[in-house]
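Let me begin by presenting the structure, written as structure tokens, before commenting on it.
These figures come from a predicted structure and were not determined experimentally. Chain identifiers are assigned alphabetically (A, B, ...) following the order of the sequence lines, protein sequences preceding nucleic acid strands; residue numbering begins at 1 within each chain.
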Protein chains: 2
Amino acid sequence: MDNTKPIRELLHAHGLKKTPIRAEMLELFMGHDVALSASDLLAKLTANHDRVTVYRALNSFEERGILHRASEDGQGVKYAMCGHQCPDEQHTDQHAHFVCDECHQTYCLEEVAIPDVEVSDAFSVNRVNYTLSGICKACKA
Amino acid sequence: MDNTKPIRELLHAHGLKKTPIRAEMLELFMGHDVALSASDLLAKLTANHDRVTVYRALNSFEERGILHRASEDGQGVKYAMCGHQCPDEQHTDQHAHFVCDECHQTYCLEEVAIPDVEVSDAFSVNRVNYTLSGICKACKA
DNA sequence: CTGTGTGCAAAGGGTTTGCAAGTAC
DNA sequence: GTACTTGCAAACCCTTTGCACACAG
């Protein structure tokens, strides 16, 4: 299968040029069901790319709505694609996430909608983060 | 009012010795309704204490259940006391938190219980983090 | 060709570790 | 006196910024 065209289109639809590192990064995201950090990507990228380039690509992807922040455990931010196939418009990332205490993988629970709560008028809520943590199946074994 | 004795007892009840910096840190937590980071504490402590000492005290307090992590926005972890008056036993921190996008203050919404969700058997959930963000009353003005 | 993207060097902020000196009880 | 705490120095990790060069369209 040829993933090249979809990736080029995905990038162009969000106003970004197609470059080798961006394409490879998006392929990695599409091929993984867990969220990836800048370090994860650097370890997986075939060519030796600069950390800075990866950070800037991630920021661009997030700004344009190609990726969302799945978790940030203080030791790094992890990003993920919604549905491994993002729509052209900005997506909303209103699902829960799960972080494993053992392997530290972050999973998108795309089928788990975030429940609402009632809060005081003192706060105007714009975003909600719902993150579960515990042990994932792979580590339970 | 004399807060000295309660603080000494709080520390001893959790197996920690009373030292000036620990006492002052706990007083700061009791006197604030928002979560505090290591940097916040360093700025508020009267004597010049070492950053490391503050980090270690925070870790001890968290391990012993005196404080809980209220938020970690990648630019630092903020801690808070439950109910500004923690029970002797380990508390559970099962309430929502609110982080203001403007002033970056973290508030404990102690009256807001975290709603449960159903997740796949693939995950054993141990903890839940529910963090709202938006604008707080002070910044709305 | 022109704006966008990349690489390198350097710096910044938060946090941790090792070790020796100090202190609570 | 003894174990726990502190302070200092140094290191670690993630991330950002500035600037010159390279490349996509």
Side-chain angles (χ1 to χ4, degrees), chain A residues 4-5 7-28 35-64 66-67 69-80 99 104 106, chain B residues 4-26 35-64 66-67 69-79 99 104 106:
Chain A
T4 296
K5 200 168 73 183
I7 285 185
R8 159 170 250 115
E9 287 168 2
L10 176 59
L11 283 164
H12 286 192
H14 290 86
L16 297 172
K17 293 177 180 172
K18 186 197 178 198
T19 64
I21 189 176
R22 286 175 175 173
E24 198 178 352
M25 283 174 65
L26 292 182
E27 278 164 22
L28 287 170
L36 300 172
S37 67
S39 305
D40 295 334
L41 290 163
L42 282 162
K44 290 176 189 300
L45 287 169
T46 55
N48 276 357
H49 292 287
D50 197 278
R51 281 208 264 342
V52 177
T53 305
V54 172
Y55 283 116
R56 286 196 273 229
L58 287 172
N59 286 339
S60 300
F61 293 164
E62 190 194 4
E63 282 172 11
R64 310 302 178 106
I66 299 176
L67 299 178
R69 291 183 179 226
S71 71
E72 37 190 319
D73 63 337
Q75 306 320 316
V77 183
K78 297 199 174 195
Y79 296 86
V99 178
H104 304 107
T106 297
Chain B
T4 296
K5 200 169 71 182
I7 285 184
R8 159 170 250 113
E9 286 169 2
L10 176 58
L11 284 165
H12 286 193
H14 289 85
L16 297 172
K17 293 175 180 173
K18 186 195 178 200
T19 64
I21 190 178
R22 286 175 174 173
E24 197 179 352
M25 284 174 64
L26 291 182
L36 301 172
S37 67
S39 305
D40 296 334
L41 290 162
L42 282 162
K44 289 176 190 299
L45 288 168
T46 55
N48 276 357
H49 292 288
D50 196 277
R51 282 209 264 343
V52 178
T53 305
V54 172
Y55 283 115
R56 285 196 272 229
L58 288 173
N59 286 339
S60 299
F61 292 165
E62 190 193 5
E63 282 172 10
R64 310 304 178 106
I66 298 176
L67 300 179
R69 290 182 179 227
S71 71
E72 38 190 317
D73 62 338
Q75 307 318 317
V77 183
K78 298 200 175 195
Y79 296 86
V99 178
H104 303 108
T106 298

Quick one: does D40(A)'s side chain have a donor or acceptor within less than 3.5 Å of a partner on S37(A)'s backbone?
yes

Provide the closest heavy-atom pair for K18(B) versus A23(B) in the form atom of the first, atom of the second, distance.
CE-CB, 3.8 Å

Do the non-hydrogen side-chain atoms of D73(A) and T106(A) ever get within less than 4.5 Å of each other?
no

Walk me through it: do V99(B) and K78(B) pass the test side-chain contact (heavy atoms from CB on, under 4.5 Å)?
CA-CA 10 Å; V99(B) 178; K78(B) 298 200 175 195; over 6 Å; no

Could you pull out the protein-nucleic contacts involving nucleotides 20-25 of chain D (nitrogen or oxygen on both sides, under 3.5 Å)?
residue, atom, partner, partner atom, Å
dG25(D), OP1, H12(A), NE2, 2.9
dG25(D), OP1, K18(A), N, 3.4
dG25(D), OP2, R8(A), NH2, 2.9

Taking side chain as C-beta onward, heavy atoms only, is L58(B) less than 4.5 Å from V77(B)?
no

Nearest heavy-atom contact between K44(B) and E24(B) is O-OE2, 4.2 Å

Using side-chain heavy atoms (C-beta onward) and a distance below 4.5 Å, is L11(B) in contact with F61(B)?
yes

Could you tell me whether R22(A) contacts a base, only the sugar-phosphate backbone, or nothing, with contacts defined as non-hydrogen atoms closer than 4.0 Å?
sugar-phosphate

Just by distance, do the side chain of R22(A) and the backbone of A57(A) share a donor-acceptor pair under 3.5 Å?
no

Integer-rounded Å distance: dT5(D) C1' and E24(B) CD:
16 Å

Atom pair CG (L41(B)) and CD1 (I21(B)), whose distance is rounded to the nearest 0.5 Å
8.5 Å

Start and end of chain B contact along DNA chain C [non-hydrogen atoms, under 4.0 Å]
dG14(C) to dC25(C)

For dT15(D), does either OP1 or OP2 sit under 4.0 Å from a side-chain N or O belonging to N59(A)?
no

What I'd like to find out is whether the side chain of L42(B) reaches to under 4.5 Å of the side chain of Y55(B), using heavy atoms alone.
no

Quick one: E72(B) CD to dT15(D) C1', roughly how many Å, whole number?
16 Å

If you pin A57(B) and Q75(B) to their nearest nucleotides in DNA chain D, which one's is more 5'?
A57(B)

I need the residues from residues 42-53 of chain B with at least one non-hydrogen atom less than 4.0 Å from DNA chain D; give them sorted by number, or say none.
H49(B), D50(B), V52(B), T53(B)

Could you tell me the separation between the CG atom of D73(B) and the C1' atom of dC14(D), rounded to a whole number of Å?
13 Å

Sugar-phosphate, base or nothing in reach of S39(A), heavy atoms under 4.0 Å:
sugar-phosphate

On a heavy-atom basis, which atom in H14(B) and which in L10(B) lie closest, and how many Å separate them?
ND1-O, 2.9 Å

